Amino acid sequence: MNMINDLKEILIKEETITKRVRKLGEQISKDYEGENRKLLVVGILKGSVIFASELIKNITIPCQIDFMALSSYGSSSETSGVVRILKDLDYNVEGSDIIIIEDIIDSGVTLDYLLKYFKARNVNSIEIATLLTKPARRKVDINVKYLGFEVPDEFIVGYGLDYAEKYRNLPFIGVLKEEIYEK
Ligand code: IMP
Ligand code: MG
């Protein structure tokens, strides 16, 4: 079965994403260069993996990488509102300059939880880089420093984002047909 048949439309082309992510990498490299910054980028599994790998290729200053896995959607298209850590960080983050890398901010509940988690661990600074944001759905206000694109209130897949673990490997961002997740 062709995955593209399940899409209503292609929202953001691969080339457009690549260009935007290059810009974000340049901006981060400028913002964090020099002195005694200890940049640690933390990718949130699994949705952010493609964005995270693309982004760190475009960061030209030294940085460390770590990953966390959180429970969010299960196989439903609605968030449960409850966040659970499935895989914690490998190292102590005290004193680090953290950038959390997310695929998409929807309600904001996940990031609200993560920001509290990091603040409690005495990090030096914390910012968010997200490929996408769906502002229409926000329940908690989240301050995003590095943003790829704003998307409409639809179910988005591709470039790491899934529906029931499918479509992550699409190299662009698409909108899933309603009939797929309403079945
Ligand atoms: P939040 O806690 O509601 O902000 O949810 C964030 C998480 O929900 C993201 O990291 C995604 O894994 C997932 N999510 C939210 N909207 C979408 C979507 O349109 N497509 C795929 N995953 C989504
Ligand atoms: Mg996710």
Side-chain angles (χ1 to χ4, degrees), residues 3-14 16-17 20-21 24 40-56 65-89 98-120 126-183:
M3 291 186 285
I4 294 180
N5 292 338
D6 296 347
L7 301 184
K8 200 150 86 174
E9 62 174 314
I10 292 175
L11 206 58
I12 312 169
K13 285 188 300 182
E14 183 172 14
T16 312
I17 304 172
R20 181 74 194 121
V21 176
L24 291 176
L40 170 64
V41 297
V42 178
I44 307 306
L45 297 171
K46 304 171 199 166
S48 82
V49 286
I50 301 186
F51 173 48
S53 55
E54 188 73 28
L55 184 63
I56 60 177
I65 306 157
D66 207 345
F67 289 95
M68 286 179 81
L70 309 166
S71 66
S72 58
Y73 274 37
S75 56
S76 142
S77 65
E78 284 291 314
T79 187
S80 63
V82 180
V83 181
R84 215 156 44 91
I85 295 181
L86 304 177
K87 184 226 166 283
D88 209 335
L89 296 163
I98 308 282
I99 300 180
I100 304 175
I101 308 192
E102 254 291 31
D103 51 357
I104 187 166
I105 311 178
D106 188 47
S107 68
V109 169
T110 307
L111 274 171
D112 185 54
Y113 173 89
L114 275 175
L115 288 171
K116 287 182 183 133
Y117 170 96
F118 280 106
K119 279 170 189 160
I126 177 134
E127 297 292 350
I128 292 164
T130 185
L131 179 61
L132 305 173
T133 182
K134 241 192 250 179
R137 304 248 316 164
R138 203 59 42 85
K139 285 187 194 136
V140 194
D141 206 28
I142 301 286
N143 185 21
V144 179
K145 181 131 185 217
Y146 306 103
L147 169 66
F149 308 91
E150 250 184 53
V151 291
D153 185 8
E154 308 228 45
F155 205 84
I156 309 295
V157 293
Y159 216 81
L161 287 92
D162 73 310
Y163 172 67
E165 296 300 327
K166 209 176 156 188
Y167 312 104
R168 291 193 197 276
N169 54 324
L170 288 172
F172 47 77
I173 303 284
V175 175
L176 196 62
K177 284 180 182 164
E178 273 112 18
E179 64 207 63
I180 305 290
Y181 57 89
E182 276 166 3
K183 254 187 261 180

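Numbering starts at 1 and runs along the sequence shown. Remember, it's a predicted structure, so these values are computed and weren't measured experimentally. Counting convention: from 1, in listed order, for ligands and their atoms alike.
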Item checked: Parallel, tilted or perpendicular: rings of Tyr163 and Phe155 (30°, 60°) -> perpendicular
Notebook entry, point to check: Is Glu154 salt-bridged to Lys134, going by a charged N under 4.0 Å from an acidic O?
Noted result: no
Margin query: Once side-chain contact (heavy atoms from CB on, under 4.5 Å) is applied, do any residues pair with Leu147, and if so which ones, sequence neighbours excluded?
Written below: Thr130, Thr133, Val144
Margin query: Exactly one of Lys177, Glu179, Glu178 should register a side chain to side chain contact (heavy atoms under 4.5 Å, CB included) with Tyr181. Which one does?
Written below: Glu178
Notebook entry, point to check: Against heavy atoms of Glu154, which atoms of ligand 1 measure under 4.0 Å?
Noted result: 19 (O)
Note to self: Taking a cutoff of less than 4.0 Å between a non-hydrogen atom of the residue and any ligand atom, is Arg137 in contact with ligand 1?
What the structure shows: no
Next item on the list: Go through ligand 1 atom by atom and flag the ones less than 4.0 Å from a non-hydrogen atom of Ile156.
Entry: 18 (C), 19 (O), 20 (N), 21 (C)
Next item on the list: List every atom of ligand 1 that sits less than 4.0 Å from any heavy atom of Leu161, numbering the atoms from 1 in the order shown and giving each element.
Entry: 20 (N), 21 (C)
Margin query: Does the residue Asp162 have a heavy-atom contact with ligand 1, meaning some pair of atoms that are separated by less than 4.0 Å?
Written below: yes
Notebook entry, point to check: With sequence neighbours excluded, what pairs up with Ser53 under the side-chain contact (heavy atoms from CB on, under 4.5 Å) test?
Noted result: none
Notebook entry, point to check: Quick one: CD1 on Ile99 to CD1 on Ile65, what's the gap to the nearest 0.5 Å?
Noted result: 12.0 Å
Next item on the list: Check ligand 1 against Thr110 and write out every atom of the ligand that is under 4.0 Å from a heavy-atom position of the residue.
Entry: 1 (P), 2 (O), 5 (O), 6 (C)
Check: Which is closest to atom 4 (O) of ligand 1 by heavy-atom distance: Gly47, Gly108, Ala164, Gly160?
Finding: Gly108
Note to self: Run Ile17 and Leu131 through side chain to side chain contact (heavy atoms under 4.5 Å, CB included) and show every step you take.
What the structure shows: CA-CA 9 Å; Ile17 304 172; Leu131 179 61; 4.0 Å; yes
Check: Counting from 1, what ligand 1 atoms have a heavy atom of Glu102 closer than 4.0 Å?
Finding: 10 (O)
Note to self: Between ligand 1 and Ile104, can you find any atom pair, the residue atom being a heavy atom, that is separated by under 4.0 Å?
What the structure shows: yes
